[in-house]
Student: 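This structure is in structure tokens; I'll ask about it shortly.
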Amino acid sequence: MVTAGQRADAPVFTEVMDRIRAPRIGGGHPRTRPDHVLADRAYSSRQIRAYLRRRQIPHTIPEKRDQARHRMRRGTAGGRPPGFNREMYKRRHKIECRIGLLKQARGVATRFDKLAVRYEATVQLTLIRQAL
């Protein structure tokens with residue numbers, strides 16, 4: 001899903017998750033729920049965590065420092081800190097490296113294209129060119 005360049009990604013997180021369709025190896029309906037979600041601090045909101053819990057999707061998302069301070073300030077009313085598996089979070093490195101490779105293409109990094117369709121095509125062409 002392509003958003004405006006100045007718009008944050010977190011507000012459209014649920015829409016992106018709802019669009020997931022992973023084909024099954026043996027056939028049948030595609031999977032709509034991932035095995036695990038790895039995300040950075042930008043996706044640490046209560047709404048996103050509640051959405052993932054509601055759909056029973058395990059996730060590894062670090063807590064923002066200001067959220068942690070606010071929770072600590074509230075004392076016992078602040079609740080427990082969200083679970084965080086540091087070893088699982090390290091797996092994000094592969095994805096970040098791939099995105100870094102993708103952004104080596106000037107058209108992808110700068111996003112001069114006004115239309116989302118053209119930008120998506122630029123990303124696809126870049127991926128094809130890098131695969132060759």
Student: Once the angle between the rings of Phe13 and Tyr43 is folded into 0 to 90°, is it parallel (under 30°), tilted (30 to 60°) or perpendicular (over 60°)?
Tutor: tilted
Student: Give the cluster check for Ile20 versus Leu52: same hydrophobic cluster or not, with ILVMFWY residues linked at side-chain heavy-atom distances below 4.5 Å.
Tutor: yes
Student: Under a 4.5 Å cut-off applied to non-hydrogen side-chain atoms, are Asp18 and Arg55 in contact?
Tutor: yes
Student: Determine whether Pro34 and Ile57 make a side-chain contact, defined as any pair of heavy atoms from C-beta on separated by less than 4.5 Å.
Tutor: yes
Student: Near Arg106 CZ, under 6.0 Å, is it more than 12 heavy atoms from other residues, nucleotides or ligands?
Tutor: no
Student: Would you give the length of the straight line joining atom CG of Leu125 to atom CD of Gln130, rounded to the nearest 0.5 angstrom?
Tutor: 11.5 Å
Student: With heavy-atom distances below 4.5 Å as the criterion, would you say the side chains of Arg24 and Pro30 are in contact?
Tutor: no
Student: Taking side chain as C-beta onward, heavy atoms only, is Arg98 less than 4.5 Å from Leu127?
Tutor: yes
Student: Might you point out which heavy atoms bring Arg129 and Ala105 nearest each other, and give the distance in Å?
Tutor: NH2-CB, 4.0 Å
Student: Can you tell me if CD on Glu96 sees more than 12 non-hydrogen neighbours from other groups inside 6.0 Å?
Tutor: yes
Student: Enumerate the ring pair (Phe, Tyr, Trp, His ring centres under 6.0 Å) contacts for residues 61-99, please, sequence neighbours excluded, ordered by first and then second residue.
Tutor: Phe84-Tyr89
Student: Just wondering, are more than 12 heavy atoms of other shown residues or ligands nearer than 6.0 Å to CZ in Arg118?
Tutor: no
Student: What I'd like to find out is whether the side chain of Met17 reaches to under 4.5 Å of the side chain of Arg33, using heavy atoms alone.
Tutor: no
Student: Start with the C-alpha distance between Arg71 and Arg74, add both sets of side-chain angles, then the distance that settles side chain to side chain contact (heavy atoms under 4.5 Å, CB included), and finish with yes or no.
Tutor: CA-CA 5 Å; Arg71 183 178 43 74; Arg74 293 188 65 201; 6.0 Å; no
Student: Is any side-chain heavy atom of Thr60 closer than 4.5 Å to a side-chain heavy atom of Val37?
Tutor: no
Student: Do Val108 and Leu102 have side-chain heavy atoms sitting under 4.5 Å apart?
Tutor: yes
Student: Looking at CG of Asn85 and NZ of Lys90, how far apart are the two atoms once the value is rounded to the nearest 0.5 Å?
Tutor: 10.0 Å
Student: Atom NZ in Lys114, atom CZ in Arg111: separation rounded to 0.5 Å?
Tutor: 9.5 Å
Student: Where do Ala39 and Pro62 come nearest, in terms of heavy atoms and distance?
Tutor: O-CD, 3.3 Å
Student: Could you tell me which non-hydrogen atom of Ile61 sits nearest to which non-hydrogen atom of Arg49, and how far apart they are?
Tutor: O-NH2, 2.9 Å
Student: Say you draw a straight line from CZ of Arg65 to OG of Ser44; how long is it, rounded to the nearest 0.5 Å?
Tutor: 11.5 Å
Student: Using a strict threshold of under 4.0 Å (side-chain N to carboxylate O), is an ion pair present between Glu63 and Arg41?
Tutor: no
